[in-house]
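To start, the structure itself, in C-alpha cells.
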Amino acid sequence: IAGQLASHLARRGVRRGDRVAVLLERSVNLPAVLLGVLRAGAAYVPVDASYPAERIGFLLADSAPVVVVCSRDTEALIPAGCPAGRVLLDDPQIAACPADGPGVPVGPRDVAYVMYTSGSTGTPKGVAVTHGGVAALVGDAGWGGAHGRVLMHAPHAFDVSNYELWVPLARGGEVVVAPPGATVDAETIAAAGLTSVHVTAGLFGVLAEETPECFAGLSEVLTGGDVVSPRAVQRVRQACPDVAVRHLYGPTEV
C-alpha cells in the first residue's frame, strides 16, 4: 500500500516538500499511508477524525495541503471550499499503481510531518519536524530491545504515535493496532502480548491504583504528558518488579 500510494500521490502532482493531510481513523492501513506520504517526499499533516469541525477546518486551511488522504467516511469531514484535492484510500487507481513507489530522496532537514499543538496560547501552531528529528528519536540508544511489540492506540495527531509506529518498525518489531475508537484498559494491555506500551499520565495513575498487575510481562511502560506521581510508579514496580517505568514527553515540542 505504501508504495502504491506514493506512486499515486506523485501522479497527482505531489512533490518533495509538499504537505499531505491524512484524515483517517486508526486502522492497520494507517502506518502504510503515513509511510506512503514520506516515500513520495512529502510531509504528512495528521488530522484526527474525532476533532470538531472547526478545528479540522482550521488545520486544513493553515497547513494548506496539496491533497487530503481520506476514506469515504472521513471525506465528509472536509469543509466545503477546501481547495486541496481528495485521495480516497479505496480508489482503484491506487491499487493499479506500481508497488515499488517513486522513492523520492529526502534529507535530514526535509520535513517529515507537521503536527499542531493543543493551542494553549489561544491558537494551535503547526510544528514542522524533520526527518533528522524523527530519526534521532527512533535511533536513540536508550530504546534497547524492549520495543519489539508495541501497542498503537494514540491518535496519529498525537506525537506519541511516532514512538508507537517507527520505533518498533525500524527495529524489526511489531505494531499491534488498536481498533478505531477503542479505549486502552488493563484487559487490553494484559491480553496483547506486548513488550512495551505508552499510556498517558492520567491513565497510568488509574491503572497503577486499580490494576497495577496488568503490566506484568512487559519490559517497559512509558508514560508522560503530565506529572506522574511517585506513588503510582511505586505501585507498578511493586506489582511488576521486572518492568521499567520511563517518562516520555513532548518530542514534537522538543
Side-chain angles (χ1 to χ4, degrees), residues 1-3 22 24-39 44 46 48 112-113 115 131 133-208 210-225 228 232-233 235-252:
I1 294 175
V22 178
L24 293 169
E25 293 186 324
R26 183 173 57 238
S27 74
V28 294
N29 286 329
L30 182 56
V33 170
L34 300 179
L35 185 58
V37 174
L38 297 176
R39 289 182 63 174
Y44 64 84
D48 192 333
Y113 68 86
M115 193 167 288
H131 281 268
V134 177
L137 173 71
V138 172
D140 192 288
W143 295 126
H147 305 272
R149 188 173 168 87
V150 176
L151 180 67
M152 178 190 175
H153 66 92
H156 64 305
F158 180 26
D159 58 8
V160 167
S161 61
N162 282 293
Y163 158 71
E164 294 177 343
L165 280 176
W166 309 129
V167 170
L169 292 180
R171 295 171 177 271
E174 297 174 275
V175 175
V176 180
V177 181
T183 57
V184 176
D185 54 20
E187 184 177 355
T188 301
I189 294 171
L194 305 173
T195 58
S196 181
V197 68
H198 178 278
V199 293
T200 62
L203 178 57
F204 180 81
V206 171
L207 294 172
E210 298 179 354
T211 52
E213 67 280 0
C214 73
F215 298 113
L218 277 69
S219 297
E220 288 189 355
V221 178
L222 298 168
T223 186
V228 178
V233 175
R235 283 184 60 81
V236 171
R237 296 283 292 125
Q238 287 175 339
C240 311
D242 296 327
V243 176
V245 178
R246 299 179 68 192
H247 200 256
L248 179 68
Y249 198 106
T252 291

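All values derive from a computational prediction rather than experimental measurement.
At least one side-chain heavy atom of L30 sits under 4.5 Å from a side-chain heavy atom of V22.
The main-chain N or O of L137 is found under 3.5 Å from a side-chain atom of W143 such that the two form a donor-acceptor pair. Within the 3.5 Å criterion, the main-chain N or O of G193 finds a donor-acceptor partner in the side chain of R149. In this structure, R237 contributes its side chain and V245 its backbone to no donor-acceptor pair below 3.5 Å. Between the R26 side chain and the H156 main chain, no donor and acceptor come within less than 3.5 Å of each other. Here the side chain of E164 pairs a donor or acceptor atom with the backbone of H153 at under 3.5 angstrom.
A perpendicular orientation is assigned to the rings of H198 and F158, their planes being inclined by more than 60° (bins at 30° and 60°).
Minimum interatomic distance between A170 and V138 (heavy atoms only, all atoms of both residues): CB-CG1, 3.5 Å. Nearest heavy-atom pair, V184 versus L203, reported as atom, atom and distance to 0.1 Å: O-CD2, 3.8 Å. Between P155 and D48 the shortest heavy-atom distance is CB-OD2, 3.3 Å. Between A208 and V236 the shortest heavy-atom distance is CB-CG2, 3.7 Å. Looking at every heavy atom in both residues, L218 comes nearest to V243 through O-CG2, 3.2 Å. P168 and V175 make their closest contact through CG-CG2, 3.8 Å (heavy atoms, listed as atom of the first residue, atom of the second, distance).
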Exercise for the section: Any chance you could lay out the side chain to side chain contact (heavy atoms under 4.5 Å, CB included) test for D159 and Y113, step after step, and finish with the verdict? Expected result: CA-CA 10 Å; D159 58 8; Y113 68 86; 4.3 Å; yes
Exercise for the section: Show your reasoning for whether side chain to side chain contact (heavy atoms under 4.5 Å, CB included) applies to I189 and T211. Expected result: CA-CA 11 Å; I189 294 171; T211 52; over 6 Å; no
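R246 contributes atom CZ, which lies 12.5 Å from atom OG1 of T223 (distance to the nearest 0.5 angstrom). Of the inter-residue distances, the one linking L222 atom CG with H147 atom NE2 reads 5.5 Å to the nearest 0.5 angstrom.
Applying the 6.0 Å contact sphere to CD of E213 captures more than 12 heavy atoms from other residues, nucleotides or ligands.
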